[in-house]
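Take a look at the structure below.
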Amino acid sequence: MAKNKLVLIDGNSIAYRAFFALPLLNNDKGVYTNAVYGFTTMLLKVLEEEAPSHMLVAFDAGKTTFRHKTYGEYKGGRQKTPPELSEQFPLIRELLDAFDIKRYELENYEADDIIGTLSKTADSKEWEVKVITGDKDLLQLVDEHVKVSLTKKGITDVDTYDLNLVEERYGLKPEQIIDMKGLMGDSSDNIPGVPGVGEKTAIKLLKEFGTVENVLDSIDQVSGKKLKEKLEDHKDQAEMSKKLATIEVEAPIEIELESCTYTNEISAKVIELFKELGFNSLLDRVDSEAAEEAEAPTEDIDYEILNEVNDADFGDEAAVVVECLEENYHNGEILGIGIVSDKGNFFVPTEVALESDALKKWLEDDSIVKYLPDAKQATVSLAWKGIKLNGVKFDALIASYLLNPSDSSHDIASIATRLGVKGVSSNEAVYGKGAKQKVPEQEVLSEHIVRKAFVLREVVPTLKESLKKNELEMLFYELEMPLSIVLGEMEQQGVQVDVERLEQMGKDLNEQLKDIESKIFELAGTEFNINSPKQLGEVLFEKLQLPVIKKTKTGYSTSADVLEKLKDKHEIIEEILYYRQLGKLNSTYVEGLLKVVHRDTEKIHTRFNQALAQTGRLSSIDPNLQNIPIRLEAGRKIRQAFIPSENDWVIFAADYSQIELRVLAHIAQDDKMMEAFNEEQDVHTKTAMDVFHVEKDEVTADMRRQAKAVNFGIVYGISDYGLSQSLGITRKEAGEFIERYLESFPGVKQYMEDIVQQAKREGYVTTMLNRRRYLPEITSRNFNLRSFAERTAMNTPIQGSAADIIKKAMVEMDKRLKKEKLQTRMLLQVHDELIFEAPKDEIKKLEEIVPEVMENAIQLDVPLKVDYSYGDTWYDAK
DNA sequence: TTAATCACGC
DNA sequence: GACGTACGTGATTAAC
């Protein structure tokens, strides 16, 4: 018979380790599971590597043990177990029961003692024993048959100590570990030891004398006067400390080793529990069948490939997938359409779909309810083919995003995985990624598309229910869904670009760049690649010996703020800054934009990502039209290339003035700030007056600049460090500045405190329209993570509500333009501004309705103010 | 391919 | 007192 192998796990120690090593995650039911998760990964690893025949997990029982009788202060001063961890212990017990692993705790004894007793018993029977713990004390148990695995960092990274390793690391025998503890103590258990004796001294003494008792008997032989005194003074304490550190190996355990058998069979209970806890990634590790299912759906799906569609009888409620070849649906070809309804599962090849009047009619029929995995993508893809998709009642992408914006992906496969629904592979698995990306053979492709629709139809009810539970229905149905249609129209409309003008700018820039380049080479006395921070750093800080202001991970920092500080040290700096400025304009804006201009129409069609930014803002890609230069004149000129798409039209731009600060005034109900806006004062000047305690005419330009920076900081949730950087002051000064600010606006201060408390209590914050952002890290013990979450808690309701407002305005504006039968088209949104193109004879009307709609999108207790302007190009609309 | 650095907007 | 400090997109370089 094979030799018995016993694995003993220090349950409390590993649970603690796991809890602190992993971020405080919770599953979809809001239950914290990080410790359980970490514990489980450790357990799975141990089971796999050790394949034990016997197993037991020991826990500490209750608060006091026999050690407290010896020493009342034992484990004193220890932080209370965080409730987020305590609540996970029952789950860990449940987990062990599911695995059918014996667990044990004993009144008056610690887990250490249970493990010690059992390991000695097993040792005497010549079983092989492995102890898993994070507690070094247990090293005292090591001997010929007993090995101890100590967690290093994380939970699954361990060092396994045998006799040799203990000797190597400490130069001691395992049984001397307790002597070491006796001398040096253990602050985590509040064991005193001998003051002034640390690990080094303790080991030195033990190498010479062997045990605590021998050391104390031979104090006169110890070298060092101070050390002698200390040993003499703390004799009793040293002996007691040793006693405390000694693990009891004869605890009155009522459990037979033989009953701790482990069969290494994963039961259905385990799989059930994993599902319940949301451990989807662990599921396929324990369940090979599940793994296969997850990788490649094994359950067959029946579907019909339609080679013609004469009467589109797909029912009046269907999941529809319009698969697109390219990620950029503006120029991507449609790969096929999947339709799943109570009439069955269908795949319509593109060429059939585009030929079929019946299908077109069905897709355009507003009375047929359609669920989409990404409505904007499908709508725009079809629109390019002359089909106007109607009847979209549910967009899974947006639903998933609203339910938890921080989920990394909201495509249908990811949503399905999160909800534990099987039957669809990821796009990456089907299409590959990067250079290897390709369209698979027809059969694989059609099945994948149909599966997407099938799974979509399955998850819609769950998503709907979750939206309802989280009070997101209004936001979803009334705002985001209608907005997606508006955004799609804006994208497809596109913005006209004056290509010639852009090309001319490019030529000019290239010439200038050449000039500056040669100037820089001359000043540097060498030729190099100015665009390479590495080479530039070498030239500036080695060749030219300029002082190093800041370093990065890889070398010298050459960022603008560093160069700014070196400006008067060398002529070359100014040239480099100018080179950077022009280089950026040329590569990102001139060349970058020219690359994405639609060849036939000379228009640019961006895509707005509606399901990405954590605050609820939109983002814009391919190209990003939300970061076209404006601050510096040279860059601002890029806007001259953005023109109306019709003759005698203008670009009309309208932006909210100080929308975030107005939102803050409203949310915080801060009297002073509301007053500033109600009286239409300049808010930065007003801030300066309050913070510096001066009258209006005493506010200097610099005071206003500083006040503006603080307001900016409040709006973007930056730290005192961030503010110190932007104002060029110390962190301390910045901190005091913020403090003064908050004292000037007590309502704001109160809000900041309240919202952090609320976030801690609820686990999330919300915007005015109930958009949610979860902040699990707000209870982190890591200062950075926690601080960041706190600033996010303060900032997200402000920025997110501002995003709500402009989104609402966009939906209203679209309705209004249609209602008034105007030709004016909304083209872009840049966070707090809307850009239109309009016939000249509609300008008057727009001057009236644009501010009206935008200012009344949502009612606040302060007025919203909109400024507008128009001109022949975007540049001129200033 | 991927990571690091830099820079643009709000 | 540490820690590494608004977000998002995109270009370029350099190491893999």
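Convention: sequence-line order gives letters A, B, ...; per-chain numbering from 1. Note that this is a predicted model, so its numbers are computed, not measured.
Residues passing the side-chain hydrogen bond (donor to acceptor under 3.5 Å, both in side chains) test with Asn331(A), sequence neighbours excluded: none. For Ser406(A), the side-chain hydrogen bond (donor to acceptor under 3.5 Å, both in side chains) test picks out Asn404(A), with sequence neighbours left out. Applying the side-chain hydrogen bond (donor to acceptor under 3.5 Å, both in side chains) test to Arg773(A) and every residue at least two apart in sequence or in another chain returns Thr796(A). Partners of Thr766(A) by side-chain hydrogen bond (donor to acceptor under 3.5 Å, both in side chains), not counting sequence neighbours: none found.
Atom OH of Tyr721(A) and atom P of dC3(C) are 13 Å apart (whole Å).
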*Can you check each nucleotide of nucleotides 10-16 of chain C against protein heavy atoms at under 4.0 Å and return B for base, S for sugar-phosphate only, - for none, in 5' to 3' order?*
BSSSSS-
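Regarding contacts with the backbone of dC7(C), every side-chain N or O of Thr615(A) stays at 4.0 angstrom or more from both OP1 and OP2. Using a 4.0 Å cut-off, some side-chain N or O of Arg791(A) falls inside it from OP1 or OP2 of dA6(C).
Within the structure, salt bridge (charged side-chain N to carboxylate O under 4.0 Å, His left out) pairs that include any residue of residues 617-633 of chain A comprise Arg607(A)-Asp622(A), Arg617(A)-Glu660(A), Glu633(A)-Lys637(A) (at least two apart or interchain). Identified under the ring-ring contact (aromatic ring centres under 6.0 Å, His included) test for residues 710-734 of chain A, with sequence neighbours left out: Phe712(A)-Tyr716(A). Under the ring-ring contact (aromatic ring centres under 6.0 Å, His included) criterion, the residue pairs touching residues 769-802 of chain A are Tyr764(A)-Tyr774(A), with sequence neighbours excluded. Within the structure, side chain to side chain donor-acceptor pair (under 3.5 Å) pairs that include any residue of residues 729-742 of chain A comprise Asn711(A)-Tyr741(A), Thr730(A)-Glu733(A) (at least two apart or interchain).
At a threshold of 4.0 angstrom between heavy atoms, the contacts of Ser557(A) are confined to the sugar-phosphate backbone, with no base atom among them. Backbone-only engagement by Phe788(A) is indicated by non-hydrogen atom pairs under 4.0 Å involving sugar-phosphate atoms exclusively.
The stretch residues 704-716 of chain A touches DNA chain B through Tyr716(A), each having a heavy atom under 4.0 angstrom from the strand.
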*Give the dot-bracket string for DNA chain C, reading 5' to 3', where a pair is Watson-Crick or G-U wobble with both distances under 3.5 Å, ( ) marks pairs inside the strand, [ ] marks pairs crossing earlier ones, | marks a partner on another strand, and . marks unpaired.*
......|||||||||.
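On the nucleic acid side, DNA chain B has its first and last nucleotide under 4.0 Å of a heavy atom of chain A at dT1(B) to dC10(B), going 5' to 3'.
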